[in-house]
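Everything on this sheet refers to the single structure shown next.
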Amino acid sequence: MPWVPSLSLAAVLWVTAFAGEGSCPAGAGSKCDAATGSTAATSGEDRPAAKVKVLPTADILTQEIDELKGVMQICKERIELLEELDRTVKSGVNLSLPESHMRMLKEQLPLMSEVTTVDEDKAPTSSAADFLIAKAVIPQETPASLVQFLSLRSRGSPSAPTQTNMPTALLVAVEANSNVRLYAPTGEEVLAFSAGHEQPVTYLAVSPSHEDGLITTADAGGTIRIHTVNVRQHRLAKEKKKGSPSDEKRSQFLGTQVNVTSQFTTEMQLPAGSAKLTALAMATQQGAKFVAAGDDEGKVSIFSHNGSFVAKVDAGQGSRVEAFSSHLSSFMFHAGSEWGFINFERLLVQHVSCPEFEGRVTSVVIDSQQASRVVVSDEEGTIWVFNLKEKKKCKLEHRFPKGATRGQVDLASIRGFTIALERAGQGVDAAAVLAINMSHVGKSHQPSSVVWRAGRSAVRDWAVHKRHQQGDLLAFLSEDGRAVEVFELLMQVYTPPPATDAFGDFKMPVIAVAIVLVLGYQYMKQKGNFGGGGKGGHGGGGKGFDTGELAALKRKLEMSKKLGGGAGKPRPGAGGL
Ligand SMILES: *[C@@H]1O[C@H](CO)[C@@H](O)[C@H](O)[C@H]1NC(C)=O
Ligand SMILES: *[C@@H]1O[C@H](CO)[C@@H](O)[C@H](O)[C@H]1NC(C)=O
Ligand SMILES: *[C@@H]1O[C@H](CO)[C@@H](O)[C@H](O)[C@H]1NC(C)=O
Ligand SMILES: *[C@@H]1O[C@H](CO)[C@@H](O)[C@H](O)[C@H]1NC(C)=O
């Protein structure tokens with residue numbers, strides 16, 4: 001069983017991480033952060049060595065109990081320390097602490113438990129570490145400026161239609177100098193080619209449908225170029241193929257199983273006299289494919305995907321087109337105070353106006369489960385949900401609490417959740433990623449809709465890829481363009497496998513391993529970028545035990561309980577069909 005070593009390794013690391021964190025007294029601040037950081041660093045150095053050693057093993061229940069006992073021990077020591085401090089402070093002995101600190105220790109404060117409940121509707125209910133798994137950090141030799149996920153069609157042969165080796169998406173990273181690099185979600189580079197622009201590349205769009213494999217790039221001079229990416233099983237590629245175009249680039253990855261190629265398809269140019277290009281997207285409506293390019297004056301130039309110019313429509317009425325969002329046949333834009341839909345066939349712009357909406361739209365996304373539902377963020381970062389029947393009648397379905405999300409917010413929709421990227425400022429804690437629970441739409445008196453929140457360093461670009469029956473993918477390009485981090489997001493509701501599934505009894509251990517891994521290895525490794533439970537506002541809880549960690553702990557225990565029930569049983573359904 002290959003997961004056993006990684007499980008115990010993760011558990012060992014997790015204990016280290018937790019111990020390091022737990023030994024910080026509440027409110028010790030940056031001094032304690034530094035200490036924790038060094039703990040993490042040391043363990044990180046130990047890792048390669050630990051792989052070589054034969055690691056002790058224990059069943060998961062024993063490990064859970066040991067871990068919890070460890071936590072109890074830490075709590076006991078902490079209580080003793082705090083009691084001692086309390087006695088000392090009250091005895092009036094000169095602690096050689098600055099006067100302000102002494103005053104702080106003696107001051108009567110409102111109860112912290114009361115303070116935190118004020119924010120209950122905004123604080124995350126879980127820890128990001130429960131859902132996000134790091135898949136790869138892809139270094140970029142020369143800084144990239146844009147990232148996207150390109151959906152792939154699976155081209156398995158008819159005799160073996162479910163080819164498991166085929167990735168369902170490739171990560172596309174584009175540099176200003178036209179270099180395009182494609183990566184498997186695991187981080188393996190599968191193809192690099194030049195998009196052939198003469199000016200710096202400023203925008204990137206991919207075809208919405210997994211049938212096409214089109215990558216569209218636009219440069220500062222208003223030139224737009226389309227490349228087609230093909231991914232084939234080698235078995236098919238072996239068949240004799242005549243007249244392969246000479247400008248086709250090749251690569252192989254995943255051993256020798258898959259063959260990725262790219263081919264220049266067409267080029268188009270913004271009409272003369274157009275303002276600077278500010279937004280780019282591809283769309284499919286009524287089976288026809290389009291490229292839409294928004295500009296600084298609110299105009300949208302529409303091209304047929306074969307490169308021929310169709311028309312220019314006025315969407316922004318003078319305001320810069322900021323972004324597009326499309327889902328199925330719905331295509332939306334927002335520009336200044338204007339937002340709405342574009343119908344490419346009838347060359348029609350349908351403006352949306354919602355009487356209850358105050359402020360200006362800063363991001364729009366169409367709900368991936370319900371095409372008439374639109375999620376919008378305003379200038380304060382507050383998230384609104386509207387129902388747009390026939391794309392006109394606007395009904396406010398929900399407004400998430402003010403302050404649950406803040407600042408410049410970018411939105412993406414996955415099944416059941418909206419992923420929001422807050423871009424507050426600069427530096428290490430410059431951004432945050434959140435998951436908003438869309439099951440709360442239309443319901444009042446719900447606990448916080450923020451499922452998790454993860455602080456992270458500034459992001460130049462990001463991408464979300466929704467997957468069917470698999471974890472969704474997230475990618476973040478660092479502010480300096482030097483690294484792309486890829487995460488898998490496991491937010492699907494867990495449904496037990498049918499009894500006839502021969503692999504059913506494997507799923508619980510696999511999930512348990514994933515969670516232990518996430519809690520341990522992940523927790524430490526990502527500590528630099530993802531600040532644990534985040535800044536959701538749990539008053540003075542201190543760094544050691546925030547609600548996120550406790551929730552994670554509870555979850556672990558529940559998981560191990562479930563596992564304990566099934567672990568000893570023989571494989572169910574192994575005999576049945
Ligand atoms: C406490 O000790 C420090 C030096 O250790 C001294 O500067 C300070 O004045 C003392 N405070 C009191 C209240 O005695
Ligand atoms: C990859 O595909 C291209 C185009 O179909 C083909 O010419 C090439 O031989 C393939 N490479 C391999 C190693 O099969
Ligand atoms: C491009 O496609 C449009 C229809 O989508 C067609 O009318 C036009 O003739 C095509 N242009 C070229 C150059 O193929
Ligand atoms: C989302 O909200 C629903 C309804 O309140 C709840 O049952 C569900 O557990 C929530 N999901 C997560 C991941 O928190």
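For ligands, and for the atoms within them, numbers begin at 1 and follow the listed sequence. All values derive from a computational prediction rather than experimental measurement. Only heavy atoms go into these numbers, but all of them, side chains included; no hydrogens, no water, no symmetry mates.
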Quiz prompt | Pair E422 + R453: basic N to acidic O under 4.0 Å | solution = yes
Exercise. Give every residue pair that meets the disulfide (SG to SG under 2.5 Å) criterion with at least one member in residues 450-485, sequence neighbours excluded.
Key: none
Quiz item: For L68, does its backbone N or O pair with a side-chain atom of Q73 as donor and acceptor, under 3.5 Å?
Solution: no
Quiz item: Against heavy atoms of V451, which atoms of ligand 4 measure under 4.0 Å?
Solution: 13 (C), 14 (O)
Quiz item: Under 3.5 Å between some N or O of ligand 4 and some N or O of H440?
Solution: yes
N/O donor-acceptor pairs under 3.5 Å from side chains in residues 380-387, not counting sequence neighbours:
residue: W384; atom: NE1; partner: D378; partner atom: OD2; Å: 3.0
residue: N387; atom: OD1; partner: S372; partner atom: OG; Å: 3.1
residue: N387; atom: ND2; partner: E397; partner atom: OE2; Å: 3.1

Practice problem: Check ligand 4 against N437 and write out every atom of the ligand that is under 4.0 Å from a heavy-atom position of the residue. | Solution: 1 (C), 2 (O), 3 (C), 8 (C), 10 (C), 11 (N), 12 (C), 14 (O)
